[in-house]
Student: 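The structure follows.
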Amino acid sequence: FKPSVRPIPLEAHIQGHPGKAYCPRMLAMNKPTYQAIRTYAPDKPTLVFVSSRRQTRLTALDLITFAMRDGDPHVFSRGVKGMDKDGRGDLEA
């Protein structure tokens with residue numbers, strides 16, 4: 001859909017990475033993806049498209065790992081219903 005017909009404005013950033021081998025290429029894309037999220041949408045919801053459910057899990061774990069290295073492990077859970085401002089909620093023991 002065009003941005004003019006969306007109820008909420010959309011900003012798209014597309015990054016490509018060279019390489020033919022699937023797994024190494026997907027792994028190499030995770031750090032630039034994390035950096036792009038932190039640059040373009042540090043406090044906004046973000047969609048990251050991957051090719052499979054398995055890759056979704058692997059990418060999510062890598063993004064969380066990068067956030068932990070930056071000292072902000074709850075960056076992706078802020079604003080989630082049931083979570084407080086520090087990203088803690090009923091799911092944590």
Side-chain angles (χ1 to χ4, degrees):
F1 298 105
K2 296 187 289 185
S4 62
V5 299
R6 293 180 174 276
I8 299 174
L10 172 70
E11 191 175 316
H13 297 273
I14 300 171
Q15 294 180 340
H17 296 272
K20 292 187 178 193
Y22 178 78
C23 290
R25 186 179 67 230
M26 294 305 289
L27 187 61
M29 291 170 59
N30 290 335
K31 179 91 175 177
T33 299
Y34 175 74
Q35 291 170 336
I37 292 169
R38 296 300 293 220
T39 300
Y40 297 113
D43 299 323
K44 299 176 186 175
T46 304
L47 291 175
V48 177
F49 290 94
V50 296
S51 61
S52 68
R53 287 190 328 187
R54 179 179 182 271
Q55 191 59 47
T56 300
R57 183 175 46 82
L58 295 172
T59 299
L61 290 172
D62 275 352
L63 294 176
I64 292 167
T65 300
F66 292 133
M68 290 176 69
R69 286 184 190 160
D70 281 351
D72 197 2
H74 300 289
V75 67
F76 297 119
S77 60
R78 289 191 194 115
V80 175
K81 187 176 180 179
M83 297 281 185
D84 66 13
K85 65 180 178 145
D86 293 324
R88 294 180 181 90
D90 297 331
L91 298 178
E92 278 191 40

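By convention here, the first residue in the shown sequence is residue 1. Just so it is clear, the model here is predicted, and its values are computed rather than measured.
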Student: Which residues pass the side-chain contact (heavy atoms from CB on, under 4.5 Å) test with T46, not counting sequence neighbours?
Tutor: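 T46 satisfies side-chain contact (heavy atoms from CB on, under 4.5 Å) with I37, A41, V48 once adjacent residues are dropped.
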Student: Listing request: all side-chain hydrogen bond (donor to acceptor under 3.5 Å, both in side chains) pairs with a residue in residues 18-29, at least two apart in sequence or in separate chains.
Tutor: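 Listed once each, the pairs are Y22-S51.
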Student: Would a single hydrophobic cluster contain both V50 and L63, if residues Ile, Leu, Val, Met, Phe, Trp and Tyr are joined by side-chain heavy-atom contacts under 4.5 Å?
Tutor: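 Per the 4.5 Å side-chain linkage, L63 and V50 are co-clustered.
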Student: Nearest 0.5 angstrom please: Q35 CD to R38 CZ, how far?
Tutor: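 It is 11.0 Å, given to the nearest 0.5 Å.
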Student: In Å and rounded to the nearest 0.5 Å, what is the CG to SG distance from L58 to C23?
Tutor: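 The distance works out to 8.5 Å.
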Student: With sequence neighbours excluded, tell me which residues meet side-chain contact (heavy atoms from CB on, under 4.5 Å) with N30.
Tutor: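 With neighbours one apart ignored, the set is L27, T59, D62, F66.
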